[in-house]
2 protein chains.
Amino acid sequence: MTELATQNNKEINKKERILDSAEALFAQHGYDGVTIRQIAKLAEVDVALANYHFGKKLDLFHAVFDRRAQQLSDQRHKLLAAQQSSMQTLEQVIEAFLMPLKMAQQTEDPGWRNYLALLAYVMTSPVWNKIMMSKFFDKRVVEFIAALKDIFPNASEDKIHWCYHYMSGALALTLAQTGRIDRISNGKCQSTDFDTAYELMVPFMAAAFRKVCD
Amino acid sequence: MTELATQNNKEINKKERILDSAEALFAQHGYDGVTIRQIAKLAEVDVALANYHFGKKLDLFHAVFDRRAQQLSDQRHKLLAAQQSSMQTLEQVIEAFLMPLKMAQQTEDPGWRNYLALLAYVMTSPVWNKIMMSKFFDKRVVEFIAALKDIFPNASEDKIHWCYHYMSGALALTLAQTGRIDRISNGKCQSTDFDTAYELMVPFMAAAFRKVCD
DNA sequence: GTCTATAATCAGATAGAC
DNA sequence: GTCTATCTGATTATAGAC
């Protein structure tokens, strides 16, 4: 747990430290697997401070989720809109959808990696998905689906949606960083190798979409 | 919560009812999101009974996970071994890998659907994945990867592993039944439509594997 | 803003009667 | 096997001093 607290955390203000620590712990153990006390301990602040700044535990969870969601969603929107204005290849549309995540995951800030693991948790949870994903992300997915419809004007909507579902699952597992690919491949591949993860995902998904939607 | 308890549950013995209820609740809310008391209430048994039969909460969780894991793993092994003995197409190998899940999810028994949602929870959790997936499932994945290596003898191992990773993610999200595809497609697709989910997944994944591994 | 102290609740686990 | 009762500890949340 201590290794999650970076040295320079000490310089950031306490409110941000609470968000960072909550982000890291919620991503690892889920909402119910984390206590305010654990968060406060990791953030090296008093237990009562989380409540003072964010109110109830559930409010803190939402605050953590929302903090980077807007930023991510905006970036996605911008890239997808830029694509839609001109004729684009399937690969470019998929890349535009994945780019913000790839960028976020490759940044120096470990907070972004924690956040994306949290996003994976929310995406795959039957409970949280319904509550949280419609706030920021569903809109962007609808835009992505629209771009796909332009590329596959003759495909049935069902097929496009199912294809997106498969891609979304592959993406979620990548964000989650479970370490399973490391284990199964005997260390030949790493969950943290995002370069490869995104590089291969684009042709993989493009070929798959074409097969089903063309 | 009450709707999860089926009428005929009343006839099954209490030990099984505890497992069934724990399975349903753990799948929905995760390990930490469920209390022994909730499980007992749903199973309509006394709180102390769970402890009597299964010991600690963590032991109960393992008991739930293990109950159907062996069965699933055996079926997968049988189908993959049958495939490997003769030359097979990529589609057939993928289908052999998915078949046991498809069958389980399509059965009348809602317990199997709950179990597969639990499996998705374990697969996507950084914590539980490391503890639980190696017990039964990693071995079968290695067999599946071996079959893929036969089909793509010239592909680098890394690429095969990453492709499997994407498929595994798509599968996990399907098992999780989050209801997101229903929401995004405005009800045109359903998370519970496993016929379509598996029917489209085979050509989708086959084309994707070929693109990356050929 | 920060911390101490505490209230109120609820968790897991078990002892012991039947 | 089953249930009642209870112990122990932890948790959220907050009131109030500084």
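Below, read A as the first sequence line, B as the second, and so on, with proteins coming before strands; counting in each chain starts at 1. Below, each value reflects all heavy atoms present in this structure, side chains not excepted, and no hydrogens, waters or symmetry copies.
Residue pairs meeting the ring-ring contact (aromatic ring centres under 6.0 Å, His included) criterion with at least one member in residues 36-58 of chain A: none, sequence neighbours excluded.
Scored by the salt bridge (Lys or Arg N to Asp or Glu O under 4.0 Å) test, B/Asp109 finds B/Arg68 as partners (sequence neighbours excluded). For B/Gln106, the side chain to side chain donor-acceptor pair (under 3.5 Å) partners are B/Asp195, not counting sequence neighbours. Taking B/Leu79 as the reference, B/Ala96, B/Met99, B/Pro100 meet the side chain to side chain contact (heavy atoms under 4.5 Å, CB included) condition, with sequence neighbours excluded. Under the side chain to side chain donor-acceptor pair (under 3.5 Å) criterion, A/Gln71 pairs with no residue, sequence neighbours left out. For A/Gln105, the side chain to side chain donor-acceptor pair (under 3.5 Å) partners are A/Tyr198, not counting sequence neighbours. For the side chain to side chain donor-acceptor pair (under 3.5 Å) test, residues two or more places apart in sequence or in another chain that qualify with A/Trp128 are A/Tyr121.
Bracketed by its first and final contacts, the part of DNA chain C lying under 4.0 Å from non-hydrogen atoms of chain B reaches from C/dA11 to C/dT14 in 5' to 3' order.
Contacts with DNA chain D (heavy atom under 4.0 Å) in residues 48-59 of chain A: A/Ala48, A/Asn51, A/Lys56, A/Lys57, listed by number.
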